[in-house]
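Each remark here refers to the structure printed beneath this line.
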Amino acid sequence: MATPLRPSFFDRPTPRVARELLGTQLRTWGPDGRRSVRLVEVEAYVARDPANHADRGPTRRNRSMFGPPGTLYVYRIHRVACANVVTRPGQAVLFRAGAPIEPERANPSGPGRLSRVLGLGIADDGRPIGDGRWEIVRDRPPEPAGRIALGPRVGVSRAAERPLRFAVRGDPWVSRPRPT
DNA sequence: GAAAAGATTACCT
DNA sequence: GGTAATCTTTTCC
């Protein structure tokens, strides 16, 4: 009983969407078939947030962040692609880590490795959820609040103190540094 | 047009 | 734990 998340799921406050994404399955389809991970770590990028790529309005890089809820936002940092899902205009949730499902031996711990495992790249920027290329499904109840660790976001130099990182407490696939 | 910074990762000691 | 790799986007002059 796997329920695909619809665009309306994402049209809610970003931190709440982020929290509820923990434990869901993120799936893609590509030349090598289906790839999937179970999300164990995400970060919220919100309004009036200096760490948010969209904080200074639309640019070429972040234009997909102003698309409808459920839009995929992929950007490159150094040599790495990182994937997000848009919630409300100019806000998104970054997929930081997952537990491997398909293939079992993959290492999706870290936003770059997660995108790599799923085959997501710049070419996928702007794709709507459920378009046949990617989807998110819920196949188990949401993680209870007591099993979620909150902490500061990783690698950001501005608004670094805001607790907008969400992770499944104690999960071995959560990336470093592990939140307490 | 030039320069700096970066939502990272891999590999070093 | 620290740092280099590496390259695109953004920002500033």
Per A:His78 side chain, nearest of listed nucleotides B:dA10, B:dT8, B:dA7:
B:dT8
Report the distance from atom CZ of A:Arg56 to atom P of B:dA5, rounded to the nearest whole Å.
13 Å
Between CZ of A:Arg176 and P of B:dC11 the distance, given in whole Å, is 15 Å
Check whether any side-chain nitrogen or oxygen of A:Arg96 sits under 4.0 Å from OP1 or OP2 of B:dT8, and answer yes or no.
yes
How close or far is atom C1' of C:dT9 from atom CE of A:Met65, stated in whole angstroms?
15 Å
Are any of A:His53's side-chain N or O atoms less than 4.0 Å away from OP1 or OP2 of B:dA7?
yes
OH of A:Tyr75 versus C1' of C:dT8: gap in Å, rounded?
13 Å
Could you check A:Arg35, A:Arg34, A:Arg27 and say which one makes a salt bridge (Lys or Arg N to Asp or Glu O under 4.0 Å) with A:Glu102?
A:Arg34
Could you tell me whether A:Arg61 contacts a base, only the sugar-phosphate backbone, or nothing, with contacts defined as non-hydrogen atoms closer than 4.0 Å?
sugar-phosphate
Nearest to the side chain of A:Ser157, heavy atoms from C-beta on, is which of B:dG6, B:dT9, B:dA7?
B:dG6
Cationic tip of A:Arg12 above A:Phe9 ring, under 6.0 Å, 45° of axis
yes
Atom CZ of A:Arg63 to atom P of C:dT9: distance rounded to whole Å?
11 Å
Watson-Crick or G-U wobble partner for B:dA7, using a 3.5 Å limit on both distances?
none
Rounded to whole Å, the CG-C1' distance (A:Leu94 to B:dT9) equals 15 Å
Compare the minimum distances between each of B:dA7, C:dC7, B:dT8 and the side chain of A:Ile77, then state the nucleotide with the smallest one.
B:dT8
Answer for the Watson-Crick or wobble partner of C:dC12, both distances under 3.5 Å, is B:dG1
Between C1' on C:dT11 and CZ on A:Arg158, what's the gap in Å once rounded to a whole number?
11 Å
State whether the number of non-hydrogen atoms from other residues, nucleotides or ligands found under 6.0 Å of A:Arg6 atom CZ is greater than 12.
no
Distance check needed: B:dT9 P versus A:Arg76 CZ, whole Å only.
13 Å
A:Ala81 backbone acceptor or donor facing A:Arg76 side chain under 3.5 Å:
no
Could you tell me whether a side-chain N or O of A:Thr71 sits under 3.5 Å from a main-chain N or O of A:Val86, the two making a donor and an acceptor?
no
Picking from C:dC7, C:dT10, B:dT9, the nucleotide nearest the side-chain atoms of A:Pro111 would be B:dT9
Between C:dT10, C:dT6, B:dA7, which one does the side chain of A:Arg79 approach most closely?
C:dT6
